[in-house]
Amino acid sequence: MDDQPSAVPARTIWLMAATAGIVVANNYYNQPLLNDLAGTFAVTDDAASWISSLTQTGYALGLLLILPLGDQVDRRKLISVMLVLSAAMLLLFSQARNFPLLLAAGFSIGLTSIVPQILPPIVSQIVPPSSAPQAVGHVMGGLLLGIVLSRFVGGWLGALIGWRLVFALAALVMLALMVVLRRALPALKPAHGGSYLSLLSSLPKLLHRYARLRSLSLAAALQFGAFSLFWSTLTFHLAAMPGHYSSKMAGSFALVGAIGVIGAMSAARITKRFSLRTVLVLSGALMAAAFPLFAAAHESLFWMVPAVVILDLGMQMSHVSSMANILVLDRDAASRLNTVYMVTRFAGGALGTVIGGLAWAHGGWLAVCAAGGLLCLVALVVNGRTGVAPAAGGN
């Protein structure tokens, strides 16, 4: 690899981008299938929403407890182990015969599907410094596309072959990726010589030090909560509409969200021309505007398509802009800064899924839209203050 520093990384970057999208999809296959899962296990819609919530909670804990190990162990070995564990949990989910086991498997899928967040430091290590931003952008693009397409694949494939086979096939894909990546990636020496406890103990210190990290992470949690709230209840709303739409329709709306990837790829260029606060306010306003349109789609699908487009566009623009600004706060602690940001963000997503389930159970679709809109408005206020306070707390 060292003999061909430009050719080999070029192939590897695309492989890693595909890997990011394929692995992150494990966390989202269940969302368009929640109505089917509720029927299989004879549980309420509210109970079924816990599948998605626990998957996201597991992912957040994986980011907190496992992701920092990327600074301490060979990342190639870490990726191999996580892909094997992820395959095992996906297979367990596909074979679950009772609801508690299904919930445990969903949580474990999230816990073990953190490989996409291990990849960016590898990218920056195996390409020339001048190529690193573009290479990391490709990986992020693959991740975002995976989030979008996973709901489409889950919805349509689930309708064709059943949800159990969807997760069984995903398990086989994880094993195939492990073999391919094991051959494609070089052995990577750890960057941190301290202990595992020292890695974890530095996380709250970073959160205390950087005011911008706190504000951007809080806003991201609120926005991802609204985002997850919508997607985890959409399948219930579509099934309850006069047309009684299936999981395939939920998957089709997820495909519409591919525009969000375009927005994410454009965000870097936008931030060069405008301030961070301007970009965050614009993207947050787009998300907030989506929920009144969702409410208008109470009995008709007419407003659903533009609402999904602007929700995903605003979500991804805000996410990419926030992450880019957080990682430069302290380049020596970039991995741990990413851990703090992503853990907070996905904890918000898990909470948003719970709120969505409760809102649906007690107030239906309009309550879901009201809750999502409120979360977006609070995030908009938080982001509106970003850039006013200094980046580092107290300085």
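The backbone N or O of Leu222 lies less than 3.5 Å from no partner atom in the side chain of Arg345, so there is not a single donor-acceptor pair. Judged by distance alone, with hydrogens and angles left aside, the side-chain atoms of Ser113 form no donor-acceptor pair with the main-chain N or O of Asn27 at under 3.5 Å. In this structure a side-chain-to-backbone donor-acceptor pair under 3.5 Å is present from Ser201 to Ser198. When atom types are taken as modelled, the side chain of Ser228 and the backbone of Gly225 share no donor-acceptor pair closer than 3.5 angstrom. The closest donor-acceptor contact from the side chain of Ser318 to the backbone of Met315 lies at 3.5 Å or more, if one exists at all.
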- Verdict with reasoning, Leu69 to Ile118, per side-chain contact (heavy atoms from CB on, under 4.5 Å): CA-CA 9 Å; Leu69 287 172; Ile118 303 174; over 6 Å; no
- Between Phe236 and Trp365, is a side-chain contact (heavy atoms from CB on, under 4.5 Å) present by the stated rule, with each step listed? CA-CA 9 Å; Phe236 302 140; Trp365 183 242; over 6 Å; no
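Here OG1 of Thr19 is found 13.0 Å from CH2 of Trp14. Values are rounded to the nearest 0.5 Å. How far CZ of Arg164 is from CZ of Arg97: 4.0 Å, rounded to the nearest 0.5 Å. Atoms CG and CE, on Leu185 and Met16 in that order, are 5.5 Å from each other to the nearest 0.5 Å. One distance of note links CG of Leu169 with CG of Leu157; it measures 6.5 Å at 0.5 Å rounding.
Pro68 pairs in a side chain to side chain contact (heavy atoms under 4.5 Å, CB included) with only one of the listed residues (Asn338, Leu63, Leu200), which is Leu200. When each of Ile51, Val43, Thr235 is tested with Leu37 by the rule side chain to side chain contact (heavy atoms under 4.5 Å, CB included), just one qualifies, namely Ile51. Partner of Met174 under the side chain to side chain contact (heavy atoms under 4.5 Å, CB included) criterion, chosen from Val115, Leu85, Leu83: Leu83. Among Val368, Thr353, Val308, the one residue that satisfies the side chain to side chain contact (heavy atoms under 4.5 Å, CB included) test with Phe230 is Val308.
Leu111 and Met82 get closest at one heavy-atom pair: O-CE, 4.1 Å. When every heavy atom of Leu90 is checked against every heavy atom of Ile109, the shortest pair comes out as CD2-CD1, 3.6 Å. The nearest pair of heavy atoms linking Met287 to Gln223 is CE-O, 3.5 Å. Residues Val24 and Leu143 approach most closely at CG1-O, 3.5 Å, considering heavy atoms. Nearest heavy-atom pair, Leu218 versus Thr344, reported as atom, atom and distance to 0.1 Å: N-CG2, 4.4 Å.
Under a hydrophobic-cluster definition in which Ile, Leu, Val, Met, Phe, Trp and Tyr are linked whenever side-chain heavy atoms come within less than 4.5 Å, directly or via other members, Phe291 and Val305 are assigned to the same cluster. No path of Ile, Leu, Val, Met, Phe, Trp and Tyr side chains, each step under 4.5 Å between heavy atoms, connects Leu377 with Phe227, placing them in separate hydrophobic clusters. Met317 and Val381 are not part of a single hydrophobic cluster, where members link through side-chain heavy atoms under 4.5 Å apart. Under a hydrophobic-cluster definition in which Ile, Leu, Val, Met, Phe, Trp and Tyr are linked whenever side-chain heavy atoms come within less than 4.5 Å, directly or via other members, Leu366 and Leu234 are assigned to different clusters. Under a hydrophobic clustering in which Ile, Leu, Val, Met, Phe, Trp and Tyr are joined whenever their side-chain heavy atoms come within less than 4.5 Å, directly or via other members, Val354 and Leu229 fall into the same cluster.
Judged by distance alone, the side chains of Asn26 and Ser86 do bring a donor and an acceptor atom under 3.5 Å apart. Checking Ser202 against Arg336 by side-chain atom types alone, a donor-acceptor pair falls below 3.5 Å. Between the side chains of Ser232 and Gln31, no donor-acceptor pair of N or O atoms lies under 3.5 Å. Trp360 and Ser49 share no side-chain donor-acceptor pair at under 3.5 Å.
Few gaps surround CH2 on Trp163; more than 12 heavy atoms of other groups in view lie less than 6.0 Å from it.
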